[in-house]
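Here the structure comes first, spelled out in structure tokens, and everything after it is commentary.
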Amino acid sequence: MEKNEILVVYGDNPFDMAITIAEDADLATLIGDRKKYIGLKPNLVSPHPAKEGATTHPEIAAGLITYLKKNGFFNIVILEGSWTGASTLSAFSACGYKVLAKETGVKLIDTKTDVYENIDCHGMTIEICRSVLSLDFMINLPVLKGHCQTRLTCALKNNKGVISDREKRRFHSIGLHKPIAHLNTKIRNDFIVVDGICGDPDYEEGGNPVYGGRIFAARDPVLCDAWAASLMGLKIEEVPYIGLAERLGVGISGPATAREINKNSDAPLPPLPSGKTKQLSAGITANKACSACYAGLIFALSRLDKTKRDSLGKVYIGQGFRGSKGSLGVGACTAGFSSSCPGCPPTGAEILDFLKRI
Ligand code: SF4
């Protein structure tokens with residue numbers, strides 16, 4: 001498989017689809033030495049099964065592990081760290097990876113409990129977990145889905161799972177796009193398999209999965225994300241970290257040569273964002289808000305009727321409001337507001353309960 005290629009496979013069986021895409025890409029040749037230490041990095045942002053549209057189908061990892069073992073690669077691990085406030089171990093369990101590890105003998109690494117190293121990422125020092133730095137080959141397994149702050153999350157943003165929670169908070173405090181781009185100057189993206197089976201096109205924590213019936217592979221994370229953005233009807237400029245990563249030399253955004261392995265005229269249309277998240281975010285004033293906090297607020301607002309939402313006025317959220325005064329805020333950072341939902345981050349249910357009482 002060439003660096004400018006995107007391979008697409010359609011279907012309903014992620015296990016078989018993953019094997020097909022690995023065979024077509026000749027993944028074994030791309031890896032080379034059978035002794036290499038290989039890491040699979042799924043997106044397990046929170047403990048919700050893949051059918052809800054937020055996390056990577058474990059069948060894709062299972063298909064790739066089967067392929068790798070058949071081709072003589074046995075030095076394999078799965079690494080992930082869920083978002084701030086969520087337990088990776090719960091996500092491993094709820095998303096089917098604990099069972100997968102038991103069945104395949106592949107070790108699970110919770111990057112939240114790893115040792116971290118301060119690494120220079122093209123002029124920005126970032127705290128990265130040691131396990132990912134020791135990999136010889138990394139297979140990135142993102143979900144094609146929307147994100148309430150960055151519009152899209154795919155390969156580049158998925159790598160945020162290998163930094164500490166403290167670093168995740170700092171990423172938000174300095175604007176997500178630039179640190180995501182810098183992080184990818186150091187993290188390997190040797191092979192990428194995107195889960196486009198049923199991602200939620202609006203919201204990174206899922207809840208409204210839209211059937212997409214495809215997975216696709218790439219070797220360049222910038223090309224991958226540029227192509228993913230176009231699938232979701234977004235311009236590259238609407239997802240600034242793609243262009244920033246390209247300018248830092250992480251990859252090239254195009255043109256891509258897309259090849260459909262099992263061309264299918266009945267293939268479902270790619271999922272398009274509904275715009276609902278954008279509508280809900282109009283009622284929020286955010287300044288350096290962490291993903292888990294912001295997504296929890298979006299979830300809570302989506303559960304309120306419009307009259308109630310309008311009655312709230314603006315809701316403030318984010319690290320930029322630490323020490324500030326105001327009327328209505330969410331998260332410990334707005335503790336100085338006259339009404340503030342406690343927690344760091346508060347869950348969506350806690351925020352909903354709090355807003356209902358306002
Ligand atoms: S309260 Fe929310 S925005 Fe503030 S640090 Fe905690 S998670 Fe981040």
Side-chain angles (χ1 to χ4, degrees), residues 43-48 54 80-91 110-113 116 124 126-129 146-151 153 157-180 183 203-207 241 277 280-304 312-358:
N43 183 328
L44 306 178
V45 59
S46 57
H48 297 105
E80 172 62 320
S82 298
W83 67 3
T84 316
S87 150
T88 313
L89 296 184
S90 301
D110 175 1
T111 58
K112 283 179 191 253
T113 59
Y116 294 98
M124 182 182 286
I126 298 179
E127 204 174 58
I128 300 175
C129 85
H147 189 278
C148 54
Q149 290 166 296
T150 59
R151 308 288 299 275
T153 167
K157 192 170 174 305
N158 191 36
N159 285 333
K160 204 164 148 264
V162 302
I163 59 175
S164 64
D165 276 4
R166 177 173 51 195
E167 193 63 287
K168 284 176 193 140
R169 284 195 182 93
R170 190 176 74 98
F171 268 36
H172 287 273
S173 76
I174 53 177
L176 269 177
H177 296 278
K178 190 174 169 194
I180 288 172
L183 174 66
Y203 183 51
E204 66 272 31
E205 207 187 358
Y241 64 73
T277 304
L280 294 171
S281 62
I284 302 173
T285 299
N287 186 353
K288 303 173 183 174
C290 300
S291 295
C293 221
Y294 192 92
L297 177 54
I298 290 282
F299 164 85
L301 291 174
S302 73
R303 296 299 188 275
L304 298 174
L312 293 173
K314 285 278 183 191
V315 185
Y316 291 77
I317 187 168
Q319 300 171 64
F321 295 113
R322 274 187 190 143
S324 302
K325 300 222 175 301
S327 51
L328 180 58
V330 162
C333 293
T334 61
F337 282 44
S338 45
S339 256
S340 170
C341 177
C344 180
T347 65
E350 286 165 352
I351 300 171
L352 178 59
D353 192 42
F354 164 78
L355 294 178
K356 276 182 176 168
R357 285 187 274 110
I358 295 290

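In each ligand, atom 1 is the first atom listed, and ligand 1 is the first ligand listed.
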For [X] versus [Y], what's the shortest heavy-atom pair and its separation?
| X | Y | answer |
| --- | --- | --- |
| P47 | A86 | CD-CB, 4.4 Å |
| G318 | C333 | O-CB, 3.2 Å |
| S281 | Y294 | CB-OH, 3.1 Å |
| G320 | K288 | N-CB, 3.9 Å |
| T84 | R169 | CG2-NH2, 3.2 Å |

Show which atoms of ligand 1 fall inside a sub-4.0 Å distance from at least one heavy-atom site of [X].
| X | value |
| --- | --- |
| R169 | 5 (S) |
| A332 | 1 (S) |
| R322 | 5 (S) |
| G331 | 1 (S) |
| P345 | 7 (S) |

Among non-hydrogen protein atoms, atom 4 (Fe) of ligand 1 lies closest to C333 SG, 2.3 Å

For atom 3 (S) of ligand 1, closest protein heavy-atom neighbour: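 Protein heavy atom at minimum distance: C290 N, 3.6 Å.
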
Using side-chain heavy atoms (C-beta onward) and a distance below 4.5 Å, is H147 in contact with T277?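 Heavy-atom side-chain distance check fails, nothing below 4.5 Å.
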
Should K356 and D353 count as an ion pair when the cut-off is N to O under 4.0 Å? no

Examine all N, O or S atoms of C293, backbone included, and report whether one is under 2.8 Å from atom 2 (Fe) of ligand 1.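 Short answer: yes, at least one N, O or S atom is under the cut-off.
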
Do any of the N/O/S atoms of C344, backbone or side chain, fall under 2.8 Å from atom 6 (Fe) of ligand 1?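 It does: C344 brings an N, O or S atom closer than 2.8 Å to atom 6 (Fe) of ligand 1.
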
Would G343 count as a contact residue for ligand 1, given that I'm defining contact as a non-hydrogen atom of the residue lying under 4.0 Å from a ligand atom? yes

Work out whether the distance between some heavy atom of A292 and some atom of ligand 1 is less than 4.0 Å.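 Under 4.0 Å: no for A292.
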
Using 30° and 60° as the class boundaries, would you call the ring planes of F337 and F321 parallel, tilted or perpendicular?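 Perpendicular, since the angle between the ring planes exceeds 60°.
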
At under 4.0 Å between heavy atoms, is it the side chain or the backbone of H172 that contacts ligand 1, or both, or neither?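 H172 to ligand 1: no contact under 4.0 Å from either part.
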
